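These notes are about the structure you will find just below.
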Amino acid sequence: MSWSVLDLIRRDKEKYKMYLVKRQMDPSLADKFYEVDLRWRKLQTVLNELRHKHNVISRSIGKAKDPEERRRLIEEARRLLRELQRLEEEFKRLEEERRSLLFQLPNIVDDDVPEGGEEDSVPVEFWGRPRVWRGYLEEFKAQTERYGFRVDHEVIDWKPVGHADMLEYVLKLGNTVKAGEVAGSRFYYTFEDIVWLDFALLLYAMDHMTSKGYVLVTPPYMLRHKIISAVIDLETFKDAIYKIEGEDLYLISTAEHPLAALYSWEEIYDEDLPIKLVGVSPCFRKEAGAGNRDLKGIFRVHQFHKVEQFVFSLPEESRKIHEELITNAKELFQGLGLPYRIVNIAAGDLGACAVKKYDLEAWMPAQGKYREMVSASNCTDWQAYRLGIRLVRRKGMERGYVHTLNSTAIASTRTITAILENYQREDGVVEIPKVLRKYLEPFKAAPKDYIYPREKPPAGPWKRSS
RNA sequence: GCCGGGGUGCCCGAGCGGACCAAGGGGACGGGCUUGAGACCCGUUCCCCCUCACGGGGGGCGCGGGUUCGAAUCCCGCCCCCGGCGCCA
């Protein structure tokens, strides 16, 4: 068994092209690859025959005793070698071209993934009772009723303060202005209660996932090019990845990548699957493709902490486990009491590696929008193929590739923004979700039930505004 | 970072320039034998290409180059492991 995409393209190119169309990509990529692959195979056959001839002669030289005979054979071998060298050069070029095209091929797409681009993603489930400011009622309907869901909600007459202003000017527990000076935009300082909240969220997710048997991991925060380019597509690479200057190392943009790499070029026996991991790590992202979106606050930043779910599974189980991952995320957000919806992401907006992706979007009362908190992807054998993660089935010792899946459990800064907007009272006090209490309890200085606005920031420069 | 030793197939381990193209074990898988299990016997056990198949061929000895008709074996660069020195949260 080889890679499913390669199999399909050789067996039924037209079918694969339909998937490219569904992804809104140029289907000619498949033709191009097919043609190069065919040439590569043919040339390899020719080359192998030639090498065989050369090997036969070469071996006979060792046995030939007569010096004259030897000289004649060596001359013959040399002649073949010259021809081989010419073809080998061509083969190398072809192989490189093939490899490059092969690695551009996206995964197929599951049947129940909606066609189209970003606007075509469809909400499939709603949870919670969102607080909707009167002025956002229309927008709210457009994000719920339009899809045939009647979502119970509470209408409020006061407009909640946005998470960015809450953090910086109401609570005064964050400073993105100074961070901008010393590191650049999309960096932040957070203080006191927000830091406790950050770590409490991580602990909450770690606790939840490990009680379900997921293995807790801290992975390397940097990876070699060889590894990182195998687990992500080029677009993500360009937009997200920081490089360490002068070294072959890249900062991870998510724990997903080092977790996937844990079994790179290894065999996993079917009896050991599924392998369920929960990783904790900082994430570093350039956000190069983001333009001016979410420039304020800590919603979209260059660094944050994340607890990540990652599973290696049997091919026949990956669909089921994909549902399990998004369910785990739902449980976490239900525990936090944050209203959300689950969105089935449209094909045009899927990453190259995923056959299907669910986002969990939390309701943000100050923006009147559902915003992405969690993303759960089924990559089937796309990553496994590129990382050489083999599946060995004990019965008959059949070899294939495992399936990999990943999902956010909690991304702390984003979740904090959702808490700041959803748990905000009119007087600016933020209530802390009850489930976090036990992760704050052990610490004297940590807040327990509420985060109160400060008169002035606990540290850092503060210019009293006029 | 420096000096020394080392990286061989799923595992152990031989080979250090040409002998059917990694010996020999072990494990695993398939089959035989057996009432069943074990022992025992036979076969298979990295990747790629050709073939409906039987089968055939090529490439693989940490990774990438090079020398040679021929390299696991020689040369160069890199990575990793072990020991010693140095440095350090």
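Note on naming: letters A, B, ... go to the chains in the order of the sequence lines (proteins, then strands), and numbering restarts at 1 for each one. Small disclaimer: the values here were computed from a predicted structure and weren't measured.
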Whole-Å gap separating P (B:G64) and CD (A:Glu95) = 11 Å
Ranking A:Lys395 and A:Lys53 by the position along RNA chain B of their nearest nucleotide, the one closer to 5' is A:Lys395
Atom pair CG (A:Leu171) and CZ (A:Arg454), whose distance is rounded to the nearest 0.5 Å | 9.0 Å
Can you check whether A:Tyr250 and A:His257 have ring centres sitting under 6.0 Å from each other?
-> no
Sticking with atom C1', work out how far B:A71 lies from B:C21, rounded to a whole angstrom.
-> 13 Å
A:Arg414 NZ/CZ over A:Phe299 ring centroid, <6.0 Å and within 45° of normal = yes
Salt bridge (charged side-chain N to carboxylate O under 4.0 Å, His left out) with A:Glu271: which of A:Lys395, A:Arg394, A:Arg393?
-> A:Arg394
Tell me the partner of B:C69, counting only Watson-Crick (N1-N3 plus N6-O4 or O6-N4) or G-U wobble (N1-O2 and O6-N3) with both under 3.5 Å; none if nothing fits.
-> B:G18
Residue met sooner reading RNA chain B from 5', once A:Glu49 and A:Gln85 are mapped to nucleotides = A:Glu49
Would you mind reading off the distance between A:Leu50 atom CG and B:C50 atom C1', rounded to a whole angstrom?
-> 16 Å
B:C46 to B:C85 separation - P atoms, rounded to the nearest Å | 43 Å
In the strands shown, is B:G83 matched to any nucleotide by a Watson-Crick or G-U wobble pair with both distances under 3.5 Å, and which?
-> B:C3
Does CD belonging to A:Glu455 count more than 12 external heavy atoms closer than 6.0 Å?
-> no
Among the candidates B:C47, B:C79, B:G59, find the nucleotide nearest to the side-chain atoms of A:Arg390.
-> B:C47
State the pairing partner of B:A39; accept Watson-Crick or G-U wobble contacts with both distances under 3.5 Å, and report none otherwise.
-> none
Taking the same atom, P, in B:G4 and in B:G77, what whole-Å distance lies between them?
-> 13 Å
Could you work out which one of B:G57, B:G59, B:G30 sits closest to the side chain of A:Asn48?
-> B:G57
Checking B:C79, B:A28, B:G57 against the side chain of A:Arg394 (C-beta onward), the nearest is B:A28
Choosing from B:C29, B:C80, B:G59, which nucleotide comes nearest the side chain of A:Met397?
-> B:C29
For atom C1', what is the distance between B:A28 and B:C80, given to the nearest Å?
-> 28 Å
From B:A28, B:G59, B:C47, pick the nucleotide closest to the side chain of A:Arg399?
-> B:C47
Among the nucleotides B:G58, B:C47, B:C49, whichever has the atom closest to the side chain of A:His52 is B:G58
Give a yes or no on whether A:Lys13 atom NZ has more than 12 heavy-atom contacts from other residues, nucleotides or ligands under 6.0 Å away.
-> yes
Find the distance A:Arg39:CZ to B:C49:C1' and express it as a whole number of Å.
-> 17 Å
Mind checking the C1' distance from B:G30 to B:G17? Whole angstroms is fine.
-> 38 Å
Could you work out the separation of B:G38 and B:A23 based on their P atoms and round it to a whole Å?
-> 27 Å
Protein-nucleotide distance (A:Arg393, atom CZ; B:U45, atom P), rounded to Å = 20 Å
Whole angstrom value for the distance that separates P of B:C47 from CD of A:Glu398 = 13 Å
Atom pair distance, as rounded to whole Å: CD in A:Glu88 and P in B:G66 | 10 Å
From the list B:C50, B:C69, B:C48, which nucleotide is the closest neighbour of the side chain of A:Arg41?
-> B:C50
Gap in Å between the two P atoms, one belonging to B:C69 and one to B:G64, rounded = 24 Å
A:His208 side chain to A:Asn328 side chain, donor-acceptor N/O pair below 3.5 angstrom = no
For nucleotides B:G60 and B:A72, find the distance between their C1' atoms and express it as a whole number of Å.
-> 10 Å
Which of the following nucleotides, B:A28, B:C69, B:C80, is nearest to the side chain of A:Leu81?
-> B:C69
If pairing means Watson-Crick or G-U wobble with both distances under 3.5 Å, then the partner of B:A28 is B:U44
Against the side chain of A:Asn55, the closest entry in B:C69, B:G59, B:C50 is B:G59
Interatomic distance, A:Leu87 CG vs B:G58 P [rounded to whole Å] | 16 Å
Nearest-Å distance, CH2 (A:Trp40) to P (B:C48)?
-> 8 Å
